[in-house]
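Just so you know, these numbers come straight off a predicted model, no measurement behind them. Values reported hereafter were calculated over all heavy atoms of this structure, with side chains retained and with hydrogens, waters and symmetry mates removed.
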Amino acid sequence: MNRGSLLLRMELRSNPEMLCVVRNALGQLAQTLGFPEPECRAVVLAVDEALTNIIRHAYGGEAERPIEATFRRIRAPQDGEHRDALEIVLEDRGVTVDPKRLCGRALEDVRPGGLGLHFIRESMDTVEFRRRIGRNRLRLVKFLHHVPEPHKGP
Amino acid sequence: MQIAARHLDKMTIFDVSGDIDLATSPELRKALLRELREVRAPRVVLNLKQVRYIDSSGVASLVEGLKASRDVGSRFVLFGLNKTIREVLQLSKLLRIFEVYDDEEQAVAP
């Protein structure tokens, strides 16, 4: 299976202080790939929320547990065509996430909490979760609709 | 994230800067709830002009501030929302529940 071209791999600790580091790196990566500004912000929001869920729910707020984040450029089918996309895979070794805790909530319900999964679903084209051999694996895909030459810098 | 408080008449204005996320939102939540529940400021105004990013935990802190303000009969007012903050609040479908102004002059007007 062609797994696409590896762009970036990060091994993180489940420390909320690291979230801004990931956001900054991912924002730059998405921009370099040619995503328009609003889509860069959407991808950053989705990954930030997914990492927040891992820290809060899979690891129960423990700050030193491992998280692996892998970013690849892939070609995948969408609307009958193969398109370029950014694939992000987040893996942790935390507890199995109860689907009820990830089901979000009715947006009419004005209360704190439960928004993270809604943000992820609204921001990404594909959201897949699975549990395998003691690991939680979240796969997120965002399709690139225009593919300009990658930014090569000054 | 940094928070600085100013007092104007009977209002408290919080100038917030930086990113509001899982690491920093507890500090914002604590400041808001203290001002509303303990100090009982009649109006708490949040200046978000210098906020670069907000996530769902930050939005949750704003919702808690709003609820606390309703409980004690205060006003909870936001101003200076940039594109990023506005987008996230729109995505949450919660923008409409907040009292939002473009600038400080409007936010502190009688």
**Asked** Any luck finding a side-chain donor-acceptor pair between B:Ser57 and B:Ser25 under 3.5 Å?
**Response** yes
**Salt bridge A:Arg9-A:Glu68, side-chain N to carboxylate O under 4.0 Å** = no
**Check against side-chain contact (heavy atoms from CB on, under 4.5 Å), A:Arg121 and A:Glu49** = CA-CA 10 Å; A:Arg121 286 180 175 147; A:Glu49 296 291 348; over 6 Å; no
**Message:** Heavy atom to heavy atom, less than 4.5 Å: which residues from residues 77-90 of chain B reach chain A?
**Reply:** B:Lys83, B:Thr84, B:Glu87, B:Val88
**Item:** Same apolar cluster: B:Ile97 and A:Leu115, side chain cutoff 4.5 Å
**Value:** yes
**Prompt:** side-chain hydrogen bond (donor to acceptor under 3.5 Å, both in side chains) with A:Arg23: which residues, sequence neighbours excluded?
**Reply:** A:Asp48, B:Asp19, B:Asp21
**Request:** Answer with side chain, backbone, both or neither: which region of B:Ile54 has an atom nearer than 4.5 Å to a non-hydrogen atom of chain A?
**Result:** backbone
**Prompt:** Under a 4.5 Å side-chain heavy-atom rule over Ile, Leu, Val, Met, Phe, Trp and Tyr, are A:Val95 and A:Leu138 clustered together?
**Reply:** no
**Prompt:** B:Val45 and B:Leu32: same hydrophobic cluster, using ILVMFWY side-chain contacts below 4.5 Å?
**Reply:** no
**Request:** Would you mind checking which part of A:Ile55 comes under 4.5 Å of any heavy atom in chain B, side chain (CB onward), backbone (N, CA, C, O), both or neither?
**Result:** side chain
